[in-house]
Amino acid sequence: MKILTGNDLKTGAVVWWDGSGWSLHVEDATDAGEHADMILATETAACRVNGGYAIDGVPDDHGKARPAHIKDRIRAYGPTVRPDLSLKPADPDAGSWVI
């Protein structure tokens, strides 16, 4: 499984390819499979993502994509010592901040 990540050009936020666009939530990530390089080239050329790259993913207990490597899990889920600081999909303020 290959999932795509990068940074939003406006905010610098970590984003994940959800199959049709970029999401702030890793839970939305989908398997890009053999199309990963093509998707990244298209999205980078269209200036929709900065520094995009493909990573190995594994399904979680619910079948959702999850980063396989610890570095990318920290990138996805935030601080390892304070889970209350990570961005949650149900967070009403998710994505509303501007840098």
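What you are looking at is a predicted structure, and each value in this text was computed from that prediction instead of being measured. Just so it is clear, the values below take in all heavy atoms, side chains as well, and ignore hydrogens, waters and symmetry mates.
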Heavy-atom closest contact ([X] atom, [Y] atom, distance):
X: Asn7; Y: Gly12; value: ND2-O, 3.0 Å
X: Ile3; Y: Ala29; value: CG2-CB, 4.3 Å
X: Ser23; Y: Asp28; value: OG-OD2, 2.5 Å
X: Arg73; Y: Ala68; value: NH1-O, 3.4 Å
X: Leu24; Y: Ala13; value: CD2-CB, 3.6 Å

*Go through the structure and list residues passing side chain to side chain contact (heavy atoms under 4.5 Å, CB included) with Thr30, not counting sequence neighbours.*
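For Thr30, the residues satisfying side chain to side chain contact (heavy atoms under 4.5 Å, CB included) (neighbours in sequence not counted) are Trp17.
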*Return the set of residues passing side chain to side chain contact (heavy atoms under 4.5 Å, CB included) with Asp72 (not counting sequence neighbours), or none when no residue passes.*
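Partners of Asp72 under the side chain to side chain contact (heavy atoms under 4.5 Å, CB included) test: Tyr53, Ile55, Pro67, His69, Arg75.
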*To the nearest 0.5 angstrom, please state how far the CG atom of Leu4 sits from the CG atom of Asp18.*
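Answer for the CG-CG pair, Leu4 versus Asp18, is 10.5 Å.
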*So how far is it from Ile39 CD1 to Glu34 CD, rounded to the nearest 0.5 Å?*
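Going from the CD1 atom of Ile39 to the CD atom of Glu34 covers 10.0 Å.
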*side chain to side chain donor-acceptor pair (under 3.5 Å) with Asp31: which residues, sequence neighbours excluded?*
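For Asp31 there are no side chain to side chain donor-acceptor pair (under 3.5 Å) partners, ignoring immediate neighbours.
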*asked:* Could you work out, with side chain to side chain donor-acceptor pair (under 3.5 Å) as the rule, every residue matching Asp56, not counting sequence neighbours?
replied: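 Listed in chain order: Lys2.
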*asked:* Strictly distance-based, threshold 3.5 Å: is any side-chain N or O of Thr5 a donor or acceptor partner for the main-chain N or O of Val15?
replied: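 Yes.
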*Where at least one partner belongs to residues 35-49, residue pairs that pass side-chain hydrogen bond (donor to acceptor under 3.5 Å, both in side chains), sequence neighbours excluded*: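 Qualifying pairs: Trp22-Glu43, Glu43-Arg48.
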